[in-house]
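We name chains A, B, ... by the order of the sequence lines, and we start the count at 1 in each one. Only heavy atoms go into these numbers, but all of them, side chains included; no hydrogens, no water, no symmetry mates.
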Amino acid sequence: MSNGFDDIPFFDEEEPAPRKPAQAPATSTAASGPAPGGLGIAARAMAARDQTRAPDYLSGLNPEQRDAVETVDGPLLVLAGAGTGKTRVLTTRIAHILATGRAFPSQLLAVTFTNKAAREMKERIGLLVGGAVEGMPWLGTFHSIGVKILRRHAELVGLRSDFTILDTDDVVRLIKQLIQAEGIDDKRWPAKQFAQMIDGWKNKGLDPSQIPEGDARAFANGKGRELYAAYQNRLKTLNACDFGDLLLHPIRMFRANPDVLKEYHQKFKYILVDEYQDTNTAQYMWLRLLAQRPPGVPQNVCCVGDDDQSIYGWRGAEVDNILRFEKDFPGAKVIKLERNYRSTEHILGAAGHLIAHNEGRLGKTLFTDRVNPDDEKVVVHAAWDSEEEARAVGEEIERLQRGDSDGKKHALNDMAILVRASFQMREFEDRFVTLGLNYRVIGGPRFYERLEVRDAMAYFRLVCQPADDLAFERIVNTPKRGLGDTTIRTLHDYARARDVPMLAAAADLIETDEIKPKARKALFDVIQHFRRWSELLETTPHIELAEQILEESGYTDMWKNDKSAEAPGRLENLKELIRSMEAFESLRGFLEHVSLVMDAEQNADMDAVSIMTLHSAKGLEFDTVFLPGWEEGLFPHQRALDEGGRSGLEEERRLAYVGITRAKRRCHIWFVSNRRIHGLWQSTMPSRFLDELPVTHVEVAESEQSYGGYGRGGYGQSRFDKADPFANNYSTPGWKRAQANKSDATRDNWGTRSGHAVERIGYGESGPKAKTIDGELVAKSTTSEPSKFTVGDRVFHIKFGNGNIASIEGNKLTINFDRAGEKRVLDGFVERV
DNA sequence: CAGTCGGACATTTTT
DNA sequence: TGTCCGACTG
């Protein structure tokens, strides 16, 4: 990666001509260590070109993969199913382009979505061509490449090249200020929500002038457009960009300056895009601009992706981009990779059958040759509630760990629990803590999002960029210096009135008596500090300076004096922050990286079960995968259904597909009959996705658990007799099928017990209009009626047993259960005894 | 300015 | 039911 923005050679960075004939051709994919004699990629490329037989790196590829690697000219779409060797193709393709001398490393534009993906690609290319990946300056995320371009041409969009990159937190604070400045009620119109709207517009590539009228009116009494424009103005004054701008500014710049764009056209001979199904409209426009070629010149664009794994529609990704590829790039070739090297036949069969229920797809069917009669089918388990679910999963994990089932001891590292929503994790964590089972949660709060890290960063930012008002406001009174709201407001007003940065305003104002003496002294000190630090910036090594800043500002002392439990951890994080600066040359270079790239690394040494969301599991694989929570309302998530309709459902289904295809050997799916959501117990129906799994590859687990009074007589009978739980709520093919089969296949397939669960513990009194999950529904439909219970009634609850009603609020009952203690439940779930 | 109370909210997340 | 954030109070 680059170490700053001012040291990137631009159009003169081509590799020198080969110095001497290569001793060794670019050898196979095996780890080959550093390049012998530091030979450049180009040199090896030349060597490889002279070879008569096919180079080694092609030998391990299957015909489709090889085709995808060797089809270098003209547009190419590689539809790479899960586990079909996508990354291998991508990296080998790059190696091939280099090895055949078609382009220099600096002439390849390779874009990924995440830094992780970029890092992995670099590593693997390094292994293929032998080190020297520094020679690929244009391999990176959309955003990091966007920054690189923007730094070069910042002035063309009205920025200076040392502009700051704001993260979400900064953006929200800034917008909040704007909303307040407009005199709009910031409670009614939350800044966070508006930030998301702006983000959405930017994902679509829309300027303030281009946003739909309806959108503009939808916020702040119709001031949406003005606010967006004001926000952009403010960014300009701050010399700052948000993440969206990193793409939009280059797009604007290219459109307004065709000559500049042309330079890039000449530069990038080959363009590669990873995870194309995740691109949003702005990224698409960006790509189109860069891929333009005069008539007759081939567009060497290669996009790799899998429409079945598109799970980011909700944040602006357009599956349509991948579905439309052939139209967008005339003459495009499409190669499907369907041979799977990861999973068993059963897992592929289950996943394939499920995903076939989606309509808008290009259509692929994964297959494998490696069929083994011992392969386990996908197992569906039923549990009574989420607690039992966690217990049972824990037991299964321990069983695998001990090697009970197949005599092999399985490492925890090879197992993962993939949940739909993060609140599900908790139950597993609790359980694993009591079991003493190691686990690791992937995808929690990021390192650079921590309070203390952001504070420290604000100090560094302000030193590098005295105009960074957001940073100024963040730390001017952190640690406490007696600079309260009044002082800040005065500074703010003065700064805005004169259009100067707040730090400068402070310098002015301490000369006057507009500020109280005490605050004046404090401000004076702050200004002095920053003056000195700014001077040291050029002379002092950045690590030393950073430490000095945190010391002298009193920031570290603040945490040292803090008696709270998290203070030591925060100090540790600050140390870690300083430590991580070692990899960079300057404070500026470091800041750039943190805002775009930095993420905390997990300690991989420990053997532990991974717990994460399905979203963060994309791209990973595990021997054994547990998929809990397959219930209507949770998965597919009710909100996805409500807000996304049919396409929302299809995205949920793709998520399920992603989940199953993470498994190499074993996949265990769970659903529960009762889940506590927002504190209230709710009955749940098994996910419709379960009905969409093929019987041949799936088995239903025998009851290894106790089900209490599951389905016992008496309870709920009357309610479910009347309301058909399958009443016209859904219309997908899979659902219809399930409906048609419910009397036989469903019940046989899932066993009597769960068959009961489906039918008896269902939508309760929900009518045909039922759209919300049953708990809410019951809540709504029953509040109007007077409760049929009275305080003191003796009642029976299917989970908690017998108890007495302590109080009643609408349809919510507080009950003292004999065994379970006091609980609040909906009245629909208890019966008088 | 720190600590406490009460109301709103409760999918998914990168850059 | 639990958490977070903002307002209020001492």
> When the distance from CD1 of A:Ile311 to C1' of B:dT14 is rounded to whole Å, what number comes out?
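Value for this atom pair: 12 Å.
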> Looking only at non-hydrogen atoms, find the nearest pair between A:Phe219 and A:Pro190 and report the distance.
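Nearest pair, atom of A:Phe219 first, then A:Pro190: CZ-O, 3.6 Å.
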> Work out how far the P atom of B:dT12 is from that of C:dC5, and round it to whole angstrom.
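Pairwise P distance, B:dT12 against C:dC5, rounds to 15 Å.
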> Between B:dT13 atom P and A:Arg420 atom CZ, what is the distance in whole Å?
9 Å
> Given atom NZ of A:Lys148 and atom C1' of B:dT15, what is their separation to the nearest angstrom?
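From A:Lys148 NZ to B:dT15 C1': 16 Å.
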> Are A:Trp201 and A:Tyr228 an aromatic pair, judged by ring center distance below 6.0 Å?
yes
> What is the separation between atom CG on A:Asp278 and atom C1' on B:dT14, rounded to the nearest whole Å?
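It is 10 Å, rounded to the nearest whole Å.
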> Nearest-nucleotide wise, let me know which of A:Arg639 and A:Phe243 is further upstream toward the 5' end of DNA chain B.
A:Arg639
> Between B:dT15, B:dT12, C:dG6, spot the one nearest the side chain of A:Lys187, thanks.
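Nearest listed nucleotide: C:dG6.
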> Ring stacking, A:His637 with base of B:dT11, under 5.5 Å and under 30°?
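Here the ring of A:His637 and the base of B:dT11 are stacked, with centres under 5.5 Å and planes under 30°.
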> Can you tell me the distance, in whole Å, between the CG atom of A:Asn203 and the C1' atom of B:dT14?
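About 10 Å, once rounded to whole Å.
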> I'd like to know if A:Arg252 pairs up with A:Asp207 as an ion pair, taking the criterion as any Lys NZ or Arg NE/NH1/NH2 lying under 4.0 Å from an Asp or Glu carboxylate oxygen.
yes
> State, to 0.1 Å, how close A:Arg420 and A:Leu634 come at their nearest heavy-atom pair, and which atoms those are.
CG-O, 3.2 Å
> Give the nucleotide from the list B:dT13, C:dG6, B:dA10 with an atom nearest to the side chain of A:His678.
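So the side chain of A:His678 is nearest to B:dA10.
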> Is A:Trp314 stacked against the base of B:dT12, taking the criterion as centroid distance under 5.5 angstrom and interplanar angle under 30°?
yes
> Rounding to an integer number of angstrom, what distance separates B:dT11 and C:dC4 when you compare their P atoms?
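Nearest-Å result for B:dT11 against C:dC4 at atom P: 14 Å.
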> Do A:Arg431 and A:Glu387 meet the salt-bridge criterion of a basic N to acidic O distance under 4.0 Å?
no
> In whole Å, what is the span from the CD atom of A:Gln193 to the C1' atom of B:dA8?
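Value for this atom pair: 14 Å.
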> Taking atom P in both C:dG2 and B:dT13, what distance in whole Å separates the two?
23 Å
> Taking CE from A:Met558 and C1' from B:dC1, how many angstroms apart are they, rounded to a whole number?
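Interatomic distance, CE of A:Met558 to C1' of B:dC1: 14 Å.
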> With the side chain of A:Lys480 defined as its heavy atoms from C-beta on, choose the nearest nucleotide among B:dT15, B:dA2, B:dT12.
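Nearest to the side chain of A:Lys480 among the choices is B:dA2.
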> Give the nucleotide from the list C:dG6, B:dT14, B:dT12 with an atom nearest to the side chain of A:Arg315.
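Nearest nucleotide to the side chain: B:dT14.
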> Nearest whole angstrom, please: distance from the P of B:dC9 to the CZ of A:Phe423.
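Spelled out: CZ on A:Phe423 to P on B:dC9 is 18 Å.
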> Taking the nucleotide of DNA chain B with the nearest heavy atom to each, does A:Gly482 or A:Gln196 sit closer to the 5' end?
A:Gly482
